[in-house]
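What follows is a structure written as structure tokens; I'll ask about it next.
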Amino acid sequence: MALRMFWAGQAKGILGGWRIICLVISLLLQHPGVHSKCYFQAQAPCHYEGKYFTLGESWLRKDCFHCTCLHPVGVGCCDT
């Protein structure tokens, strides 16, 4: 029982760390000196050039956009 509680606490700490990392990255991308453009496609399929991607996987398009699969919500892309 104590081991389960310890493990759950560590899992929350790890997830909390990812939240902080995502927040910092999003704030950096909004900084006026950063000129990348991002957009989100709701319910877009997670495939590019015949390859399918799962949640969290990324790919680089020919037009230099870095896209991430957010299945089942959609796809998010940013200009690199």
Side-chain angles (χ1 to χ4, degrees):
M1 180 71 172
L3 184 59
R4 263 195 243 157
M5 289 174 61
F6 175 76
W7 181 253
Q10 278 198 334
K12 285 182 185 177
I14 292 169
L15 291 176
W18 278 109
R19 288 183 192 139
I20 291 170
I21 290 170
C22 290
L23 175 64
V24 169
I25 290 172
S26 67
L27 290 174
L28 287 173
L29 289 175
Q30 294 175 14
H31 188 272
V34 177
H35 300 288
S36 65
K37 297 175 185 173
C38 298
Y39 66 91
F40 176 76
Q41 293 177 309
Q43 298 179 349
C46 292
H47 63 82
Y48 179 69
E49 294 188 338
K51 184 175 180 189
Y52 286 85
F53 300 88
T54 60
L55 177 64
E57 288 186 310
S58 299
W59 62 94
L60 184 62
R61 295 186 340 198
K62 290 179 182 177
D63 58 357
C64 294
F65 272 83
H66 182 259
C67 298
T68 302
C69 178
L70 304 170
H71 179 76
V73 182
V75 175
C77 297
C78 288
D79 185 15
T80 56

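Hydrogens, waters and symmetry mates are skipped; everything else that's a heavy atom, side chains included, is used.
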* Asked: Pairs in or reaching into residues 43-55: which pass salt bridge (charged side-chain N to carboxylate O under 4.0 Å, His left out), with residues at least two apart or in two chains?
  -> Glu49-Lys62

* **From NE2 (His47) to SG (Cys69), nearest 0.5 Å** => 10.5 Å

* To do: Output the rest of the hydrophobic cluster of Val75: all Ile, Leu, Val, Met, Phe, Trp and Tyr residues reachable through side-chain heavy-atom contacts under 4.5 Å, sorted by chain and number.
  => Tyr48, Phe53, Trp59

* To the nearest 0.5 Å, what is the distance between SG (Cys67) and CZ (Arg61)? -> 4.5 Å

* Where is the tightest heavy-atom contact between Leu70 and Gly76, given as atom of each residue plus distance? -> CD1-N, 3.9 Å

* Structure fact -> Heavy-atom closest pair (Gly74 atom, Cys46 atom, distance to 0.1 Å) is O-SG, 4.1 Å

* Output all residues satisfying ring pair (Phe, Tyr, Trp, His ring centres under 6.0 Å) with Phe40, sequence neighbours left out; order by chain, then residue number. => none

* Asked: In chain order, what residues pass the side chain to side chain donor-acceptor pair (under 3.5 Å) check against Tyr52, with sequence neighbours excluded?
  -> none

* **Cysteine SG atoms at Cys38 and Cys78 closer than 2.5 Å** => yes

* List for me each residue that meets side chain to side chain donor-acceptor pair (under 3.5 Å) alongside Glu57, sequence neighbours excluded, and say none if there are none. => Thr54

* Asked: With a cutoff of under 4.5 Å between side-chain heavy atoms, which Ile, Leu, Val, Met, Phe, Trp and Tyr residues group with Leu55?
  -> none

* **Test side chain to side chain contact (heavy atoms under 4.5 Å, CB included) applied to Thr80 - qualifying residues, sequence neighbours left out** => Leu60, Cys64, His66

* Structure fact -> Residues passing the ring pair (Phe, Tyr, Trp, His ring centres under 6.0 Å) test with His71, sequence neighbours excluded, are none

